[in-house]
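Below: the structure, in structure tokens.
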Amino acid sequence: MHFQLTEEHLAVQDAAREFANTELLPGVIQRDSEAKFPKEQVQKMGELGFMGMMVKPKYNGGGMDTISYVLAMEELSKIDASASVCMSVNNSLVCWGLEKYGSEAQKEKYLKPLASGEVLGAFCLSEPEAGSDATSQQTSAELIGDHYILNGTKNWITNGSSASIYLVIAQTDASKGHKGISVFIVEGGGEGFVVGKKEDKLGIRGSDTHSLMFTDVKVPIENRIGEEGFGFTFAMETLNGGRIGIAAQALGIAGGAYELALAYSKERKAFGKPISQHQAIQFKLADMATSIEAARLLVYKAAWLKDQGEDYSHASAMAKLYASQVAMDVTIEAIQVHGGYGYVKEYHVERLMRDAKITQIYEGTSEIQKIVISRGILK
Ligand code: CAA
């Protein structure tokens, strides 16, 4: 066992940190206030190779390991979680499944532009009545000739209006329950495909979250991924990896808040000395640093298991469950360290706290992670 990052890992971490500080930090408060999607920034992330980091180079990806991806997610999330969720969805929820289960033709047509960041992808599982209970899919896809006809509504879709390639989970045979669920690649902008209004959210306000409505949308049969009935397994396997990305996001949010609190505590004076010299603040910093380190070990371990080709479903659920709690705890304490300044936008920590909350909800709530973990323990 060794805990050292390689030269390559350190280079990725440095590049991501540099990008976050020079390209994401300027304007992050304004984008949050105006709920503005970081369009130019995401485009640059594509140019720098952040949108398809683990995809093989022959499909325009970076050919990197999951640890590299986690390190980049962590650094970007310290500054702008609205940009990093866009990256997480594109890498883990869209590119990963396409590369693993897509046909060669699907990879040529869809994976290549997604991995290079030329276009964005979205993953469409949640519905108005199917969030945690993901097997209750109401969206239907009926095969008529050489096309499926897609009908239904998807909710809370990240990259909802910015994406041009959507992976859509739908029922092809309701009598078979979750074994009658399939997955399709749907191109944006087609007839019958309507993007609903952008959600006005507590956090990750720049991220582009929409509902999507499908009315008799024609999807060519060759756009089904795998066999009919494979869609639920596809979604679950995809989310196992996605949860590593969100755990890394939570870790980054916590790390960002901690770094701000640490710096502030050395500058701010009270009772004649920097507040970092008061034990009340020192204990907070010690708790923050310790919980972040514990979360980091869980996140890196889940990424490492994935890179080793071992089962990581359990580890990714643990990493997300724990890191998202740490993100909440640390951001709240970071505000406390800042006192009144922490409650105003200029100091960033209130935004990080608002951003942290979603990591306990999307890609499986904390309660769902506990179901996954306890099933793993008891099997
Ligand atoms: N990995 C692989 N397979 C899994 C799995 C996992 N983690 N969890 C369940 N499965 C498989 C089961 O083995 C089972 O397969 P078989 O029938 O072949 O044996 C099948 O899926 C059904 O599982 P269950 O019988 O356990 O179904 P359930 O209804 O009791 O529970 C659940 C399933 C784990 C609760 C699942 O519905 C779930 O994970 N829900 C949360 C969904 C979720 O994470 N949504 C997030 C939306 S995406 C998002 O947020 C994206 C974004 O934009 C940021």
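As the structure lists them, so they are numbered: ligands from 1, and atoms in each ligand from 1. The figures that follow rest on heavy atoms only: side chains count, while hydrogens, waters and symmetry mates do not. Keep in mind it's a predicted model, so treat the numbers as computed, not measured.
- Distances from atom 26 (O) of ligand 1 to the protein include at least one heavy-atom value under 4.0 Å.
- In this structure, CD in Glu199 is found 7.0 Å from CG in Asn155, a value given to the nearest 0.5 Å.
- Among the atoms of Arg243, some N or O lies under 3.5 angstrom from an N or O of ligand 1.
- Checking atom 31 (O) of ligand 1 against the protein gives a heavy-atom contact under 4.0 Å.
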Note to self: Is there a ring pair (Phe, Tyr, Trp, His ring centres under 6.0 Å) between Tyr101 and Phe230? Walk through the geometry before answering.
What the structure shows: CA-CA 10 Å; Tyr101 292 112; Phe230 176 61; 4.7 Å; yes
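- Nearest to atom 19 (O) of ligand 1 among the protein's heavy atoms is Lys179 NZ, 4.4 Å.
- Checking Tyr362 against Thr158 by side-chain atom types alone, no donor-acceptor pair falls below 3.5 Å.
- For Lys284, the side chain to side chain donor-acceptor pair (under 3.5 Å) test picks out Glu333, with sequence neighbours left out.
- For atom 5 (C) of ligand 1, the candidate residues are Glu237, Met236, Glu367; the nearest heavy-atom contact is made by Met236.
- Closer than 4.0 Å to atom 12 (C) of ligand 1 lies none of the heavy atoms of the protein.
- Taking 4.0 Å as the cut-off, Gly131 counts as a neighbour of ligand 1 on heavy-atom distance.
- The residues Glu75 and Lys78 are annotated as salt-bridged, a charged nitrogen and a carboxylate oxygen being separated by less than 4.0 angstrom.
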Give every donor-acceptor pair under 3.5 Å between a side-chain atom in residues 110-126 and any protein atom, sequence neighbours left out.
unit_1: Tyr110; atom_1: OH; unit_2: Glu187; atom_2: OE2; d: 2.6
unit_1: Tyr110; atom_1: OH; unit_2: Asn223; atom_2: ND2; d: 3.1
unit_1: Lys112; atom_1: NZ; unit_2: Glu108; atom_2: OE1; d: 3.1
unit_1: Lys112; atom_1: NZ; unit_2: Glu108; atom_2: OE2; d: 3.3
unit_1: Ser116; atom_1: OG; unit_2: Lys112; atom_2: O; d: 3.3
unit_1: Ser116; atom_1: OG; unit_2: Pro113; atom_2: O; d: 3.2
unit_1: Ser116; atom_1: OG; unit_2: Glu118; atom_2: N; d: 3.4

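- Of the candidates Phe232, Phe123, Trp156, it is Phe232 that places a heavy atom closest to atom 23 (O) of ligand 1.
- Nearest protein heavy-atom contact of atom 50 (O) of ligand 1 is Glu363 N, 2.9 Å.
- Side-chain contact, Asp133 with Ser136: a donor N or O sits under 3.5 Å from an acceptor N or O.
- The single protein non-hydrogen atom nearest to atom 24 (P) of ligand 1 is Arg375 NH1, 3.7 Å, given as residue, atom name and distance.
- Among all non-hydrogen protein atoms, the one lying nearest atom 47 (C) of ligand 1 is Ser126 OG, 3.3 Å.
- At the top of the distance list for atom 1 (N) of ligand 1, counting protein heavy atoms only, stands Asn240 ND2, 2.9 Å.
- Contacts with ligand 1 closer than 4.0 Å are made by heavy atoms of both the backbone and the side chain of Thr158.
- For atom 17 (O) of ligand 1, the choice among Lys320, His178, Glu127 with the nearest heavy atom turns out to be His178.
- The single protein non-hydrogen atom nearest to atom 29 (O) of ligand 1 is Thr135 CG2, 3.7 Å, given as residue, atom name and distance.
- Ligand 1 places these atoms under 4.0 Å from at least one heavy atom of Ala134: 37 (O), 42 (C).
- The six-membered or imidazole ring of Tyr300 lies away from that of Phe3, with a centre-to-centre distance of 6.0 Å or more.
- Using a 30° and 60° split on the angle between ring planes, Phe193 and Phe214 fall in the tilted class, from 30° to 60°.
- Residue, atom and distance of the protein heavy atom nearest to atom 40 (N) of ligand 1 are Ser132 O, 2.8 Å.
- Across the listed options Thr359, Ile368, Val85, Leu93, Ile368 owns the non-hydrogen atom lying nearest to atom 35 (C) of ligand 1.
- When each atom of ligand 1 is checked for a heavy atom of Tyr362 under 4.0 Å away, the hits are 50 (O), 54 (C).
- Checked by atom type, the side-chain pair Thr66/Asp307 shows a donor-acceptor distance below 3.5 Å.
- Polar contact with ligand 1: absent for Ile371 (N/O pair, distance under 3.5 Å).
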